[in-house]
Amino acid sequence: MEKLAVERSLREAASQELREAAVRPMLQKPGRGYKLLVAVLCVVVAFGLAGFVDQLIYGMSVVDYNNSAFWDVNIANFITIVGVAYGGAVVSAVLRLTGAQWRAPLTRIAEATAVVTVLIGGACIIPSLGRPNMMWEFITRPNFSSPLIWDALAISTYGIASVVFFYVPLIPDLVIAQQTMGGRAGRVRTLLWRKLSWGWQGLPAQRRLIDRMMGLLALMIIPLAVSVHSVLGWAFAITSFRPWWSEELWAPLFVIAALYSGIALVILSCAALRRTYSLQKYITDQHFKRLAYILLPFGATYLYLSVADFLPGAYHGEPGTAAVFRQLFFGSYALWFWLVVVGGMVVPLLIIALPQTRRVGWIVFAAACIVATFWLNRVLMVVVPTTYDMMKGTFGVYSWTWVNASITAGAMAAIPLLILLLFRFVPILSVTEIEELEKQQLGGTGTDLIEETPEEV
Amino acid sequence: MTQNQDREKDMTDIRPEKEAIEPSPLLSPLVTALDRVHDTTNDDDHSSAVESGDSNKPRSISRRRLFGTVSAVGLGAALGARVLENPSGASAAVHTAAVTITKKKPLSQWMMIVDLRSCDGCKACTASCQYYHYLPKDIEWIKVYDMVDADGQKYYLPRLCQMCEDPPCQAVCPVGATFRTDEGMVLIDQNVCIGCRTCMAACPYESRYFNTTAAPKVPRQPFPTTPEWPVPQRTETVGKCIWCAARLPQGMLPECVTNCPMGVIYMGDLTTDVAVNGKNEVVKISEFLRENDAVRLKEELGTNPRVYYIPGHGQDLSA
Ligand code: SF4
Ligand code: SF4
Ligand code: SF4
């Protein structure tokens, strides 16, 4: 009896600590480094907006636009950033469906990353349009034979789904955060949380409802994510007769690239947030290793699909395909191409595969390599075929100015900025989920425990 | 669907107007030629061409408005003359062929022939098109490529919009700014275009150009830009060769056809099987194409271009 009581009090202490950790980003007085980081990010984002405004005022000529390279880095940003949103969906949904217990401390961060990236990524398409002020025509006069309309549909559905997927498991946590923080929460947060938690009381019926919703959403978000990235790939493959774009492999390549770089981004954001908010107790080294293990098959698959894509084309492809591949392998883009192959696939995969380097620092380095080179990869995928002149078989030049550079940098900087901002308003750890899984581990099935233990709310 | 119905309505509304129009007294050689061969025309082709005209025209420009615009610019003296329309027997046959199109006159089905044998690469076509449409120098709606064939021989390949019968550029336009008329013209409504440039990705002939810089000084136009007379080109939208759609209804040949000193480019009408070039040389399309082994560019892509090329020295134009 006594032992049980001790255990219980220990558990309560642990749970209190967990809750404190989850709300720490909101309580912690922002330090010098934090302020500096936010300031820098803000400046970069503002710079990006300035570039966009400049482009709006003076037109596309400011991006050094020429007719031989009609699509540019904006499209690559769009694909890359929407792509990395996939990582969150997978870490959270797949692991939820497979019942992987270790996921619990990661889910919130993964889902938040997904929400932020899908929103920013979707917005990245705007500077690529000549007349963004006419965008409403996507709704008023859609042409359903255009893959772009399906892109827009898929991405907006996926955006809404990831917001919901982020929000539903958040509901109980908002109440918990309110209790943990009490008066320290401040008026804005209290009001926001009260509105957003919809009268959550932790009743068994409410719990069951949320569990069921999450099961369903987790099921839904996986095919949705696969379809989004396939549609993105098909937007190239269907649209055009251009060499390389019109390969059958583009949809699977896009899906795998999204998974690979998405999980890498989850690793990066977990590492950064763990360090910033000292969450070492919850996000352990073991988590990074497991995420890295997931990277391994995707990286290998991407490498394999790339070879399957390149080899036949380079060997006896049509003149256009062969010309584009020659340009990639040995031509003016060769440096970047081999950087992607070595820096984005070979080196990270080796780092993860070798036990000596399978440590957090190295894994984070590998993830950073992957995210950066896969952006580069998308730039190559977009730009090289556009510069190919299908009439004459020559290549045009692609150049860019401070405007697209600043827009790109702004979009990239907006991701960490929004994630930091988001965690000033929501708990960084999925408290309910962690607690539930702990209870399950302690014995009995989860549902029994939920029935027995009256929620302390 | 409703769009189609609207179009049907528009067309039946328009036709009587056209019937009232007298043929122009200023007949071009094409018209005389048309009259001459008219009786040999296969009427069934008209009706099927009309019925299968899968245009997706977003904004029907009324003929009257177009005529108004055309005359206002002073493009031609023959106001409102539908010289290319055949006033007689063909329409009667169409009456019996299909009840739904009783009020329709047979539409022209425009096509072009480029005779590479006589092209000397002078680029007069490019210059005249740019002058006529107020285009900057780097936008070449008709572009003359310097090509080298398999034997190392130089030749020139003028490329204008191929007016594909299955235009990929139209299929991919997300907002339906690119459309195809019943006469086989693929046009762009630049008031609708959002400048996404997907059509540039889709066009396998590199026919499309994005307008970044404003056109050279353009005199004030008395009417807003239309797909048939997109002058001045709207910046931040896509433009391309329009086969001088505003000139055809007046019986005037496209600017590049007229200005080619070698008579390389022919403008023709598939329904009458007659084509004519800038030197007033009239040919019977079917015979001319057959006798000279005409080919279409990138036939294998299935875009069904309306431009036929006559290779000069048996080059392979499929590259
Ligand atoms: S040539 Fe290009 S622009 Fe012209 S109709 Fe064909 S696909 Fe469209
Ligand atoms: S650039 Fe204009 S015409 Fe071309 S696909 Fe986009 S909206 Fe359509
Ligand atoms: S047909 Fe008219 S628009 Fe086309 S290239 Fe010739 S002059 Fe220019």
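Convention: sequence-line order gives letters A, B, ...; per-chain numbering from 1. What you see below is based on every heavy atom in this structure, not just the backbone, and it leaves out hydrogens, waters and symmetry mates. This is a predicted model, so every value here is computed, not measured.
Note: B:Thr198 leads B:Asp138, B:Thr198, B:Val238, B:Asp146 in heavy-atom pairs under 4.5 Å with chain A. Comparing B:Pro174, B:Ala202, B:Ala171, B:Cys173 by how many heavy-atom pairs each has under 4.5 Å with chain A, the most go to B:Pro174. Of the listed residues (A:Gly393, A:Pro385, A:Gly59), the one with the most heavy-atom contacts under 4.5 Å to chain B is A:Gly59. Annotation: maximal heavy-atom pairing with chain A below 4.5 Å, among B:Leu157, B:Asn211, B:Val172, occurs at B:Val172. Per-residue heavy-atom pair counts under 4.5 Å with chain A were compared for B:Thr237, B:Val148, B:Ile139, B:Leu301, and the maximum is reached by B:Leu301. Each of A:Met135, A:Met134, A:Glu137 has some count of heavy-atom pairs under 4.5 Å with chain B, and the biggest count is that of A:Glu137.
Contact annotation for A:Trp245: only side-chain heavy atoms (C-beta onward) come within less than 4.5 Å of a heavy atom of chain B. Looking at B:Tyr145, only its side chain comes within 4.5 Å of chain A, counting heavy atoms on both sides. For chain A, the nearby part of B:Cys203 is the backbone; its heavy atoms alone come within less than 4.5 Å. In this structure, the portion of B:Arg159 lying under 4.5 Å from any heavy atom of chain A is its side chain and not its backbone. With a threshold of 4.5 angstrom between heavy atoms, B:Pro204 approaches chain A through its backbone and through its side chain.
If you take CD on B:Glu206 and CE on A:Met391, they are separated by 8.0 Å, rounding to the nearest 0.5 Å. Put simply, OH on B:Tyr205 and CZ on A:Phe241 are 8.0 Å apart, with the number rounded to the nearest 0.5 Å. How far OG1 of B:Thr235 is from OH of A:Tyr58: 14.5 Å, rounded to the nearest 0.5 Å. Distance check: A:Thr239 OG1 to B:Met200 CE gives 13.5 Å after rounding to the nearest 0.5 Å. The structure places CH2 of A:Trp71 at 7.0 Å from SG of B:Cys196, a figure rounded to the nearest 0.5 Å. Rounding to the nearest 0.5 Å gives a distance of 6.0 Å between CG of A:Asp389 and NZ of B:Lys143.
In the displayed structure, A:Trp150 atom CH2 is contacted under 6.0 Å by at most 12 heavy atoms of other residues, nucleotides or ligands. Annotation: A:Trp402, atom CH2; neighbour count of heavy atoms from other residues, nucleotides and ligands within 6.0 Å is above 12.
For residues 121-128 of chain B, an interface with chain A (any heavy-atom pair closer than 4.5 Å) does not exist.
Side-chain contact check for A:Phe138 versus B:Ile194: some heavy-atom pair is nearer than 4.5 Å.
Between the side chain of A:Ser240 and the backbone N or O of B:Ala201 there is at least one donor-acceptor pair closer than 3.5 Å. Within the 3.5 Å criterion, the main-chain N or O of B:Asn191 finds a donor-acceptor partner in the side chain of A:Arg131. Between the A:Asn143 side chain and the B:Gln170 main chain, a donor and an acceptor come within less than 3.5 Å of each other.
Taking both residues in full, the closest heavy atoms of B:Val175 and A:Arg141 are given as O-NE, 2.8 Å, listed atom of the first, atom of the second, then distance.
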